[in-house]
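A, B, ... follow the sequence lines: proteins, then strands. Residue 1 opens every chain.
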Number of protein chains: 2
Amino acid sequence: MVEVVEAALPDKYENMSEWYSEILDRAEIIDIRYGVKGFVVYRPFGMTIMKNIIKLYEEELEKTGHQPFLFPVVIPEKNLRMEKEHIKGFEGEVFWIEKGGYTPLEERLALRPTSETAIYPIYALWFSSYKELPFKGYQTCAVYRYETKATRPLLRGREFLWIETHNLYFTEKEARDQTIEDAEIFYRVTTEKLGIPFIHLKREEYDKFPGAVDTYAFDTLLPDGRVLQIGTTHYLGTNFTKVFNVQVHDEEGKLVNPHSTCYGIGLSRILASILLVHGDEYGAVLPFEIAPIQVAIIPIYKSGYSNEKIDKYCEKIYSELKGQGFKVVFDNSEKTPGEKYYYYDMRGVPFRIEIGPREVDTNKVTVFRRDIRQRKTIPYEKLIEHIQKEARDILRNLREKAEKRLRENIIEVNSKEELIKTYREHGRKIYKVYFCGRKECADEIKEALDGLETRGKPLNLEGEGPCIWCGKPGHICYLAKAY
Amino acid sequence: MVEVVEAALPDKYENMSEWYSEILDRAEIIDIRYGVKGFVVYRPFGMTIMKNIIKLYEEELEKTGHQPFLFPVVIPEKNLRMEKEHIKGFEGEVFWIEKGGYTPLEERLALRPTSETAIYPIYALWFSSYKELPFKGYQTCAVYRYETKATRPLLRGREFLWIETHNLYFTEKEARDQTIEDAEIFYRVTTEKLGIPFIHLKREEYDKFPGAVDTYAFDTLLPDGRVLQIGTTHYLGTNFTKVFNVQVHDEEGKLVNPHSTCYGIGLSRILASILLVHGDEYGAVLPFEIAPIQVAIIPIYKSGYSNEKIDKYCEKIYSELKGQGFKVVFDNSEKTPGEKYYYYDMRGVPFRIEIGPREVDTNKVTVFRRDIRQRKTIPYEKLIEHIQKEARDILRNLREKAEKRLRENIIEVNSKEELIKTYREHGRKIYKVYFCGRKECADEIKEALDGLETRGKPLNLEGEGPCIWCGKPGHICYLAKAY
């Protein structure tokens with residue numbers, strides 16, 4: 001039985017911006033009223049989701065041999081300035097600390113915009129032999145960038161949460177392989193556990209991370225047709241190890257600079273993606289595994305029938321589910337069932353259990369599944385099995401829907417005219433084209449088509465052809481508008 | 001059998017400072033070479049312990065109804081200035097951000113020294129009715145204080161990790177009760193799970209948290225006889241809710257300011273305490289539950305006996321322990337057994353399993369217990385049961401030893417002369433005295449006795465008597481030197 005009630009939110013495909021503002025507020029994900037541009041407060045419900053997300057990535061990182069560490073939030077100015085490309089990329093967007101108490105500091109300290117320049121000077125102290133490599137380390141933290149563009153909650157903040165890895169390898173091959181493992185790690189959590197598909201791209205030369213040899217990125221598609229970079233991994237060559245004098249002895253005792261990689265998992269943006277990609281006009285829709293509340297039990301009292309009997313039955317269900325380790329609430333507050341439905345729907349609670357006289361008398365349970373908005377009445381004995389099975393099916397459903405939409409929004413165009421015509425007609429999509437790799441062409445495309453950007457070469461597609469813009473030899477490239 | 005080998009470290013009671021520096025380095029807890037005074041790097045081994053510690057406190061906080069949230073690291077200057085006592089207490093030790101990129105900020109931003117002034121303006125937006133209270137929230141984060149005193153790794157840093165709770169209550173009684181629950185939470189983790197005893201004190205008036213009505217603190221005893229504040233909880237009255245205009249409607253619709261508490265769990269200092277209180281001349285001694293490596297299996301090869309046979313037996317043990325969820329390593333690296341012993345001893349690995357020909361041939365296992373440095377050879381089938389039982393016993397042993405030492409270091413003195421004489425004789429101890437509560441006396445005692453401080457009234461002791469210094473009526477108070 002599909003529930004038909006009035007939707008609480010606008011259509012996210014038609015008005016993503018309003019939908020998004022509403023859900024951040026009504027589902028109590030974050031509070032945007034902190035009063036400092038680009039800084040938000042993670043509310044308890046949002047922070048609980050975030051902690052559940054972090055756990056999934058950290059587990060996967062540890063399984064693949066990454067060890068946790070934590071470097072200071074401040075980076076001395078001279079460290080930040082050591083890698084030339086790096087400082088060029090970040091200088092304009094660093095927060096500077098210049099005073100402690102009433103005392104001017106001897107050296108300015110930057111709030112970390114990313115941690116390479118904090119970490120490599122210490123790596124220079126930690127490693128001395130090729131035998132100590134590979135080393136894989138990660139930290140979960142906030143980073144700080146004084147964004148000059150318009151900020152948007154979770155999508156583009158001046159403080160955002162991420163996980164960053166910083167790995168060292170003796171050989172280039174191992175380091176390059178790490179960027180592939182990083183994509184696999186990202187897939188195993190982002191897609192397989194959170195249901196968010198992404199495109200795996202090699203960014204164009206002019207779009208690389210400052211200081212990187214190669215930059216690979218993971219872009220997902222938002223409801224308004226724009227893409228969002230939710231993760232990146234970089235092969236840094238020996239750029240940073242050279243500059244920061246990280247050296248190890250090789251088999252013959254010769255000192256060499258190891259190769260390195262870094263990998264950023266954009267936690268704030270991933271939280272935003274989960275809301276935006278899976279949500280609907282009733283609110284958030286959360287995969288079972290990360291939902292702060294997985295099951296909400298709601299008593300439906302009826303005059304002439306014992307409330308106590310209903311409560312007792314609900315409590316039995318509560319204990320049963322709790323015993324299985326599920327995160328469950330029994331809500332017998334004074335709100336009406338309708339108010340409760342609204343509340344749990346908005347927060348993306350995967351299952352709602354409704355218990356009225358009929359359920360009690362027949363020893364059955366009515367289970368409402370949030371993602372497809374369907375009710376099923378099942379025998380009490382089947383409850384656990386039902387929840388477990390349907391929980392898996394929620395993830396499958398969310399993922400399939402998202403993957404289908406991503407697939408359907410990639411449009412292949414073969415000429416400049418076709419691109420312009422198709423863009424005028426379809427607007428924000430992902431356009432598959434041939435592209436020469438030159439910044440001049442990218443800038444012209446961006447200029448001509450309201451900010452359409454070259455997002456790079458999809459890793460799973462090989463092929464060559466004339467650049468859609470200038471006709472010079474090119475590779476396959478995706479164009480999209482981006483956050 | 002007690003192992004007799006050369007100790008790697010000095011006696012911590014005789015030279016705590018050297019012992020401590022050595023262990024931070026050799027056990028790879030932190031790296032103090034970051035180059036910015038008061039900032040350290042948590043190395044993978046240290047960070048893993050830290051994460052295990054955090055998990056224990058967070059679980060206990062969630063069990064007692066606290067919800068996680070996360071507020072920005074920056075606090076606008078005007079917020080910080082709103083509570084008069086508070087800003088007086090922190091103004092001299094705040095890091096100020098004055099520039100983003102090349103742009104001077106419109107308003108200076110402080111790095112959070114504690115989060116009241118970040119949180120209360122938002123609480124003013126979140127709550128409107130007494131029915132929404134109590135609210136209990138916490139965040140695990142780093143805080144920043146520009147310490148002018150000498151910094152010491154983990155003990156006194158300019159960046160340190162902590163958990164802070166910020167709770168709101170409709171009534172004073174509930175809020176005051178929270179400070180008792182906070183002490184219980186602290187006990188359940190710090191003492192019952194980490195084996196660290198502490199004294200529960202009400203700080204004297206002049207020693208309160210800036211802005212608090214009452215401050216309660218948890219001090220532990222370090223090997224050099226100084227005490228270390230590892231946690232505090234404060235009843236804030238309506239001081240902060242008034243200033244930040246946090247108001248709720250009471251039953252009659254009247255607007256009132258709720259009462260509030262805050263509670264700080266000093267994670268960095270707790271990590272330091274675990275090392276200092278439990279460690280010995282062979283290195284760290286970790287409670288089983290937080291040890292990054294709980295069991296290390298070390299093969300003892302013998303010429304004329306098959307290495308492969310030993311490895312196979314070790315691998316069987318490894319799988320068995322792994323299957324039980326233990327954190328276990330099988331170290332068949334090329335190092336000598338002695339080098340491996342040193343390595344795992346230093347890191348406080350609770351159990352070492354040594355497997356040589358005799359163990360293989362008789363289907364036995366030799367287990368070395370780190371805390372008491374004793375070996376036992378047991379039948380293979382008893383291994384899991386043995387580890388589980390002994391793991392509990394390690395904690396019991398560590399805790400009892402620490403509690404005994406704390407108890408024995410509290411000396412009751414009854415007159416000024418006795419205090420001076422005893423102090424000259426015994427030096428750094430905890431002195432139980434009567435004290436009038438006046439700052440003048442406290443200052444004189446501190447001056448006269450090399451910095452001996454009034455640490456406050458022990459919560460479990462009632463009694464009145466003449467102040468040991470001035471003879472005016474007083475309460476029981478502990479004096480100690482402190483970090």
Side-chain angles (χ1 to χ4, degrees), chain A residues 28 31 33-36 38-48 50-51 58 66-76 78-79 91-103 105 107-109 111 118-119 121-122 125-126 135 137 139 141-142 144-148 158-159 161, chain B residues 28 31 33-36 38-48 50-51 58 66-76 78-79 91-103 105 107-109 111 118-119 121-122 125-126 135 137 139 141-142 144-148 158-159 161:
Chain A
E28 300 189 343
D31 200 307
R33 297 169 292 178
Y34 187 65
V36 183
F39 289 80
V40 300
V41 175
Y42 287 81
R43 303 190 67 159
F45 196 77
M47 192 61 197
T48 304
M50 181 57 90
K51 287 176 70 131
E58 288 191 347
H66 294 80
Q67 302 182 66
F69 53 47
L70 187 61
F71 280 73
V73 78
V74 298
I75 302 178
K78 67 169 176 304
N79 290 22
E91 183 158 30
E93 49 180 63
V94 164
F95 284 100
W96 290 108
I97 302 170
E98 309 192 347
K99 213 177 263 179
Y102 313 105
T103 318
L105 301 181
E107 180 179 20
R108 292 206 296 179
L109 300 170
L111 286 194
I119 290 174
I122 295 292
L125 302 169
W126 285 357
F135 176 79
Q139 65 184 17
C141 62
Y144 299 88
R145 297 181 188 173
Y146 184 71
E147 286 288 349
T148 45
R158 289 182 174 178
E159 173 179 62
L161 298 177
Chain B
E28 299 189 344
D31 200 307
R33 298 168 292 178
Y34 187 66
V36 183
F39 289 80
V40 300
V41 175
Y42 287 81
R43 303 191 67 161
F45 196 76
M47 192 62 197
T48 304
M50 181 56 90
K51 287 176 69 129
E58 288 191 346
H66 294 79
Q67 302 182 66
F69 52 48
L70 186 62
F71 280 73
V73 77
V74 298
I75 302 178
K78 68 168 177 305
N79 291 21
E91 183 159 30
E93 49 180 64
V94 164
F95 283 99
W96 291 107
I97 301 171
E98 309 192 348
K99 212 176 263 178
Y102 313 106
T103 319
L105 300 180
E107 180 180 20
R108 290 207 298 180
L109 300 170
L111 287 193
I119 290 174
I122 295 291
L125 302 170
W126 286 357
F135 175 79
Q139 64 183 16
C141 62
Y144 300 88
R145 296 182 188 173
Y146 183 73
E147 286 287 348
T148 44
R158 289 182 173 178
E159 172 179 62
L161 297 177

Next on the checklist: If we define contacts as heavy-atom pairs under 4.5 Å, which of A:Cys141, A:Ala118, A:Gly46 has the most with chain B?
Outcome noted: A:Ala118

Next on the checklist: B:Tyr34: which residues meet the ring pair (Phe, Tyr, Trp, His ring centres under 6.0 Å) condition with it, sequence neighbours left out?
Outcome noted: none

Checklist entry - Does a side-chain heavy-atom distance below 4.5 Å link B:Val73 with A:Glu159? => result yes

Next on the checklist: Between A:Phe45 and B:Gln67, is there a side-chain heavy-atom distance shorter than 4.5 Å?
Outcome noted: no

Checklist entry - From A:Leu105 CG over to B:Trp96 CH2, what is the distance, rounded to the nearest 0.5 angstrom? => result 13.0 Å

Checklist entry - Any side-chain heavy atom of A:Met47 within less than 4.5 Å of one from B:Gln139? => result no

Checklist entry - How long is the span from the CG atom in A:Leu111 to the CD1 atom in B:Ile97, to the nearest 0.5 Å? => result 4.0 Å

Checklist entry - Just wondering, do B:Trp126 and A:Val41 contact through their side chains at under 4.5 Å, heavy atoms? => result yes

Checklist entry - Do B:Arg108 and A:Lys99 have side chains that get closer than 4.5 Å, going by heavy atoms? => result yes

Next on the checklist: Out of B:Glu91, B:Glu93, B:Met50, return the one with the most heavy atom pairs under 4.5 angstrom to chain A.
Outcome noted: B:Glu91

Checklist entry - Quick one: CZ on A:Arg158 to CG on B:Leu109, what's the gap to the nearest 0.5 Å? => result 9.5 Å

Item to check | chain B contacts, top residue of A:Asn79, A:Val40, A:Val94 (heavy-atom pairs, under 4.5 Å) | outcome: A:Val94

Checklist entry - Looking at CD of A:Glu98 and CZ of B:Phe95, how far apart are the two atoms once the value is rounded to the nearest 0.5 Å? => result 13.0 Å

Next on the checklist: Which residues pass the ring pair (Phe, Tyr, Trp, His ring centres under 6.0 Å) test with B:Tyr144, not counting sequence neighbours?
Outcome noted: none

Checklist entry - Side chains of A:Thr103 and B:Thr148: closer than 4.5 Å at any heavy-atom pair? => result no

Checklist entry - For the candidates A:Gly101, A:Gly100, A:Gly35, A:Pro72, which exhibits the highest count of non-hydrogen atom pairs separated by less than 4.5 Å from chain B? => result A:Pro72

